[in-house]
Amino acid sequence: MICRGMEQMFGKRRWKRWISWVPIFLLSALPVPAAAAGEGADELLLWYREYEAQFEAIVQAEDIEKNGYEILEEHVFPVVFESFGEEELTLIPAMNRTWRRLALFVADQAGGIRYKCSQLATNECIPGSMMQVTRDIASVAFADVDRNGLTDIILITRCANDTGDYAGISYKTGDVLFQGDGTFYRDWRVSDKINRFSMNKSANYIISFVRDGKSAEFLYTASTLEELLANGFSIIEEQCYTRNFEKLGRLQVVPGTARISAYDIFMIYLVDEDGNIVWCLQPMGDYDSLYSLRSINGRDVDGDGMKDLVVLARYSIEDASGEARVDTRCAIYYQRTGGFEADQEFEAHYRCTEEDTMEEVIRKIREYWGWQAEG
């Protein structure tokens with residue numbers, strides 16, 4: 001029941017990703033999934049020991065590739081870390097070729113490894129499994145996020161699951177390594193909130209949360225409309241209306257945004273007559289920010305006699321090359337007996353364009369389901 005409730009609160013995909021961000025030190029307490037990627041308990045232990053031995057064997061920069069890692073050249077940066085001295089050091093990210101596990105190395109000018117770390121949030125996406133889902137690095141940035149005068153490392157990776165409902169769909173995982181006295185450390189609680197509440201879209205986003213305390217958490221935990229408004233949620237009034245959703249009763253459709261850093265997080269809430277939040281929708285998915293909301297339409301589109309919600313909007317996102325683009329997306333939420341179910345079929349079948357109107361999109365959705373009449 002707890003899992004079902006969290007899945008409803010955060011959405012199926014977000015819940016699956018949230019549960020994957022279990023802190024690394026808790027993994028030993030979890031049962032090893034013997035069937036996961038063909039890994040039995042004995043093999044898992046042997047592979048992990050071999051992996052650890054290779055990692056420990058890296059004492060010079062030239063040892064990195066010799067021990068099964070590929071250096072991610074585009075994200076190698078010179079940087080001065082104050083507590084390590086005045087010498088310019090080099091941050092070297094590298095990916096384990098076998099297990100898709102990321103490691104960070106800090107080398108001095110002679111090539112000696114001054115610091116190394118593989119305990120990263122991106123290496124914890126599949127608990128109990130050696131194989132991880134990291135594809136590449138989206139961003140490496142440097143800033144003093146805890147205001148102690150020392151430069152910290154902000155890391156964002158791109159991940160994609162190999163199997164399951166969302167196989168192949170890219171998502172980001174964020175992390176912060178705080179600089180200490182000649183070392184770095186992670187706070188898994190910070191990483192957990194960065195990722196659980198989608199504050200991993202950019203380095204500026206993470207800085208806004210960790211340094212400035214601006215969090216999107218309230219968007220996912222608020223239980224009333226009043227609570228949302230008290231925390232800075234801005235309603236898009238022209239798209240706010242009331243509908244009778246057969247199984248759920250009369251509800252107000254409340255779209256709006258919360259401003260975090262340079263991004264507008266777009267959410268839609270279904271609110272009852274007492275102001276309680278009955279359902280929460282996240283139509284922007286893994287896009288960075290709302291660019292413009294075109295329309296929200298509440299009507300039956302799949303022919304089952306219950307009103308669904310169709311959301312047509314434009315969103316901005318930074319692509320793999322670091323360039324910003326704007327996409328038009330149609331998100332569909334089918335009403336079911338116990339709530340709403342996000343569409344996973346039509347969006348794969350049809351990609352919206354800037355020229356699409358709501359009526360055209362709804363017509364295409366009805367055609368897809370073989371039901372064209374209004375009913």
Side-chain angles (χ1 to χ4, degrees), residues 24 51-97 100-123 134-158 172-188 190-191 194 199-212 261-262 318-324:
I24 191 70
Y51 162 78
E52 282 287 279
Q54 289 180 317
F55 181 72
E56 291 303 320
I58 300 172
V59 295
Q60 294 285 327
E62 63 184 20
D63 298 332
I64 295 174
E65 294 190 325
K66 294 177 183 178
N67 283 276
Y69 285 84
E70 178 182 352
I71 294 176
L72 305 181
E73 299 286 354
E74 292 185 359
H75 299 284
V76 173
F77 295 106
V79 60
V80 174
F81 291 121
E82 297 81 0
S83 71
F84 288 76
E86 298 181 358
E87 176 188 2
E88 185 176 77
L89 304 174
T90 303
L91 178 71
I92 307 174
M95 184 81 73
N96 183 276
R97 298 188 187 95
R100 290 211 300 261
R101 286 175 170 266
L102 185 68
L104 298 181
F105 302 91
V106 176
D108 59 27
Q109 294 181 7
I113 300 299
R114 299 283 300 277
Y115 176 82
K116 57 186 176 181
C117 176
S118 63
Q119 300 298 308
L120 304 169
T122 195
N123 292 340
T134 307
R135 294 296 192 263
D136 61 10
I137 291 178
S139 171
V140 176
F142 306 97
D144 178 12
V145 294
D146 56 356
R147 301 180 185 274
N148 67 347
L150 302 177
T151 301
D152 307 309
I153 301 171
I154 302 165
L155 176 69
I156 303 175
T157 61
R158 291 189 187 88
K172 292 180 178 179
T173 301
D175 220 342
V176 176
L177 279 77
F178 300 95
Q179 185 181 168
D181 186 9
T183 187
F184 289 88
Y185 63 92
R186 290 177 61 239
D187 187 329
W188 68 264
V190 172
S191 300
I194 287 172
M199 292 180 286
N200 51 20
K201 300 181 184 301
S202 75
N204 286 336
Y205 215 132
I206 292 175
I207 291 170
S208 291
F209 167 57
V210 181
R211 187 190 66 192
D212 303 331
S261 184
E318 183 180 286
D319 62 23
S321 65
E323 295 294 323

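Note that the coordinates shown come from a computational prediction; the quantities given were computed from them, not determined experimentally.
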State yes or no: are the ring centers of Y115 and F81 separated by less than 6.0 Å?
-> no
Side-chain donor-acceptor contacts of residues 61-68 below 3.5 Å, not counting sequence neighbours, with atom names and distances?
unit_1 : atom_1 : unit_2 : atom_2 : d
D63    : OD2    : V59    : N      : 3.2
D63    : OD2    : Q60    : N      : 2.9
N67    : ND2    : D63    : O      : 2.9

Write down the atom of C117, the atom of L177, and the distance for their closest heavy-atom approach.
-> SG-CD2, 4.1 Å
Is D144 reaching over with its side chain to a backbone N or O of N148, donor-acceptor style, under 3.5 angstrom?
-> yes
Hey, can you tell me if F105 and Y69 have their rings parallel, tilted or perpendicular (30° and 60° cut-offs)?
-> perpendicular
Test log, rule side-chain contact (heavy atoms from CB on, under 4.5 Å), inputs L120 and T173 = CA-CA 10 Å; L120 304 169; T173 301; over 6 Å; no
Six-ring centre of Y51, R101 cation under 6.0 angstrom, axis tolerance 45° = yes
Between CG of N96 and CD of Q54, what distance do you get to the nearest 0.5 Å?
-> 6.5 Å
Are V76 and T90 close enough that some pair of their side-chain heavy atoms sits under 4.5 Å apart?
-> yes
Say whether, by atom type as modelled, one donor and one acceptor occur between the side chain of D108 and the main chain of R114 under 3.5 angstrom.
-> no
Enter the distance from Q119:CD to L104:CG here, rounded to the nearest 0.5 Å.
-> 11.5 Å
What distance separates L89 CG from I113 CD1, expressed to the nearest 0.5 Å?
-> 10.5 Å
Atom pair CZ (R97) and CD (E70), whose distance is rounded to the nearest 0.5 Å = 6.0 Å
Separation between CE of M199 and OG of S261, rounded to the nearest 0.5 Å = 12.0 Å
Can you name the closest pair of heavy atoms from F209 and V190 and give their distance?
-> CE2-O, 4.1 Å
Go through the steps for D175 and I194 under the test side-chain contact (heavy atoms from CB on, under 4.5 Å), then give the verdict.
-> CA-CA 7 Å; D175 220 342; I194 287 172; over 6 Å; no
Give a yes-or-no answer on whether the side chains of D181 and S83 include a donor-acceptor pair shorter than 3.5 Å.
-> no
Specify the closest pair of heavy atoms between V80 and G85, including all atoms of both residues, with the distance to one decimal.
-> CG1-O, 3.9 Å
Could you tell me which non-hydrogen atom of R135 sits nearest to which non-hydrogen atom of R100, and how far apart they are?
-> NH1-NH2, 2.8 Å
Quick one: do F84 and Q179 satisfy side-chain contact (heavy atoms from CB on, under 4.5 Å)? Show the steps, please.
-> CA-CA 10 Å; F84 288 76; Q179 185 181 168; 3.9 Å; yes
Quick one: do D212 and R147 make a salt bridge, cutoff under 4.0 Å?
-> yes
Give a yes or no answer on whether the side chain of K116 reaches the backbone of I58 with a donor-acceptor pair at less than 3.5 Å.
-> yes
Any chance you could measure I207, atom CD1, to I154, atom CD1, to the nearest 0.5 Å?
-> 3.5 Å
Examine the side chains of T134 and T122 and answer whether a donor and an acceptor come within less than 3.5 Å of each other.
-> yes
Would a distance-only check, ignoring hydrogens and angles, find a side-chain to backbone donor-acceptor pair under 3.5 Å from N200 to I156?
-> no
Would you check if V79 and V106 make a side-chain contact, meaning some heavy-atom pair closer than 4.5 Å?
-> no
What's the verdict on side-chain contact (heavy atoms from CB on, under 4.5 Å) for D152 and F142, showing C-alpha distance, side-chain angles and the deciding distance?
-> CA-CA 6 Å; D152 307 309; F142 306 97; over 6 Å; no
Examine distances only and state if a side-chain atom of H75 and a backbone atom of V140 form a donor-acceptor pair shorter than 3.5 Å.
-> no
Non-hydrogen side-chain atoms of L155 and S139 separated by less than 4.5 Å = no
Test item: R186 side-chain N/O and S191 main-chain N/O as donor-acceptor pair under 3.5 Å = no
